[in-house]
Protein chains: 2
Amino acid sequence: MALPRAARTQRRTRIQEAKEEQILEAALEVFSLHGFRGATVDQIAEVAGMSKPNLLYYFRTKETMHRALITRVLDTWLDPLREFDAQGNPVSEIRSYIRRKLEMARDFPRESRLFANEILQGAPNIEDELKGPLKSLVDEKAEVIRSWAKAGKIAKCDPYHLIFSIWSTTQHYADFDVQVRAVLGQDQAGEGRFEDAARFLEQLFLGGLHVSEQPG
Amino acid sequence: MALPRAARTQRRTRIQEAKEEQILEAALEVFSLHGFRGATVDQIAEVAGMSKPNLLYYFRTKETMHRALITRVLDTWLDPLREFDAQGNPVSEIRSYIRRKLEMARDFPRESRLFANEILQGAPNIEDELKGPLKSLVDEKAEVIRSWAKAGKIAKCDPYHLIFSIWSTTQHYADFDVQVRAVLGQDQAGEGRFEDAARFLEQLFLGGLHVSEQPG
DNA sequence: TGATAATTTGACCGGTTGGTAAACATTACA
DNA sequence: TGTAATGTTTACCAACCGGTCAAATTATCA
């Protein structure tokens, strides 16, 4: 009998790595579309092209699989914020942060929806990671923004709500894609909508934070 | 034997009205927390304080119940946008629209999450309503915004993406509440966060759309 | 090659879920 | 009051779901 995955030696065979990758890819597809409880193991197994017991050989439970996926996605999801540079030019840093987030919404909508699903349902599995690593990173970058405001480089504003608003506006194009398409209609909903969004958001944020708006 | 609800005469008894209300209230509670597939009929029945067969006497299937709920929520959810007044002052109209949406996120988070859940999972039940009534209303208001921009009363901008950004930033405080609380921490996450958000969003949108930002 | 470990599968299981059947209780109203 | 329509409950079912098991198959390597 084979040992369960967690009890193996560190060395992972190519097969293990390939299959686990295959499973997580399928799990992303299914979880992001139906949420945790809406997704079934059979469904994931089918998308992954293997039998259910075979899948459960690599991830012993549905929850293990989900947790592995969430952890990985949360990590890459924060990359754009990590690149946020205290030494850079404030305006161009904010602009490129918006652009990177929007690109992720366009190129990785499933990851965005997986995350949104999780948060929406109370984040039962990742509350610790939100209060830990996520909060720390945001605290750090909020301090950077605050210092920019203090130095008069951008308008004074609440840095946390600024970050929230960048998150929400950009992820909206992934999470609420169906609605966006429905409202824009067939003619306007071509891929140009991401460029239009980028233009608009740049205008909104750079206008709203322009130093000339700051009294005193 | 009782007739199923759909086949009854138009006159609804007080009992019917009360029970259906009771059920939809419970359904809102459960669906908004767990999504469609994550919610169980037993759970809804328990919250509604009745037996499962009794509940199914009023709504023959889980889906019927869900659809009734979604339809009603979508309707009230659009009220703030309906109040958007073409004759009013552009700046104060936009400001009060943001405020109303933010108040709804604060006072009716369950409705917001129910809707978000539905859209997130591809809006299988309400695509028609998105492409119909919703799109029509947005088209109408977008035209108003466009006319304001043309008259030089606000900066030129894409009215659709403006509306999207107001939706996303305000609903974020309902849909992503867990994340917002986690990031702000226990000390800052008191109810003051909605006032802080209102102040920030006002600054953002009114600054970003200020007519002085418009070249030419 | 042969033996051992890793991988894959079909059959199955107990619990849950959406929904039904039919008896029973209550209300509306002639 | 009587009775027919409406409302409620208990018992139940078939399908589905997450997960197990033991047997079969394949890879690894001395």
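Note that this is a predicted model, so its numbers are computed, not measured. Every chain is numbered from 1, with letters handed out A, B, ... down the list of sequences. Computed over heavy atoms, backbone and side chain alike; hydrogens, waters and symmetry mates excluded.
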Separation of [N] [atom2] from [X] [atom1] (nearest whole Å):
X        : N       : atom1 : atom2 : answer
Phe59(B) : dG18(C) : CZ    : C1'   : 16 Å
Gln22(A) : dT8(C)  : CD    : P     : 9 Å
Glu46(A) : dT9(C)  : CD    : C1'   : 16 Å
Ile44(B) : dG19(C) : CD1   : P     : 10 Å
Met50(B) : dT6(D)  : CE    : P     : 18 Å
Glu17(A) : dA6(C)  : CD    : P     : 16 Å

Check your understanding: Can you name the ring pair (Phe, Tyr, Trp, His ring centres under 6.0 Å) partners of Phe164(B), sequence neighbours left out?
Key ->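 Testing Phe164(B) for ring pair (Phe, Tyr, Trp, His ring centres under 6.0 Å), a comparison that skips the adjacent residues, returns His172(A), His161(B), Trp167(B).
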**Study point:** ring pair (Phe, Tyr, Trp, His ring centres under 6.0 Å) involving His66(B) - partner list, sequence neighbours excluded
**Key:** Phe31(B), Phe36(B)
Would you say [X] places a side-chain N or O within less than 4.0 Å of OP1 or OP2 belonging to [N]?
X        : N      : value
Tyr57(B) : dT8(D) : no
Asn54(B) : dT9(D) : yes
Gln16(B) : dT6(D) : no

Point to revise | More than 12 heavy atoms of other groups within 6.0 Å of Phe84(A) CZ | key: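 Check passes, neighbour count above 12.
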Point to revise | Flag if over 12 foreign heavy atoms under 6.0 Å of NZ, Lys131(B) | key: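 Open: at most 12 neighbouring heavy atoms sit under 6.0 Å from NZ of Lys131(B).
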Polar atoms only, N or O, under 3.5 Å: list the protein pairs with nucleotides 25-27 of chain C and their distances.
none

Ignoring hydrogens, what is the shortest heavy-atom contact between [X] and [Y]? Give both atom names and the distance.
X         : Y         : result
Leu201(B) : Thr170(B) : CD1-CG2, 4.1 Å
Glu93(B)  : Glu83(B)  : OE1-O, 4.0 Å
Pro80(A)  : Met104(A) : CG-SD, 3.3 Å

Exercise for review: Report yes or no: does Lys101(B) contribute a side-chain atom to a donor-acceptor pair with the main-chain N or O of Thr169(B) at less than 3.5 Å?
Suggested key: no
Point to revise | Exam field: side chain Arg37(B) to backbone Ala39(A), donor-acceptor pair closer than 3.5 Å | key: no
Check your understanding: Name the stems with DNA chain D in them: runs of three or more consecutive Watson-Crick or G-U pairs, distances under 3.5 Å?
Key ->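 Only these stems qualify: C:1-30 with D:1-30.
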**Study point:** Arg106(B): salt bridge (charged side-chain N to carboxylate O under 4.0 Å, His left out) partners, not counting sequence neighbours
**Key:**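 So Arg106(B) forms no salt bridge (charged side-chain N to carboxylate O under 4.0 Å, His left out) with any residue.
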Study note, to complete from the structure: Per-nucleotide protein contact along nucleotides 10-26 of chain D, 5' to 3', at a 4.0 Å heavy-atom cut-off (B base, S sugar-phosphate only, - neither), is BB-----SBBBB-----
Point to revise | Arg193(B) and Asp158(A) ion-paired at < 4.0 Å | key: no
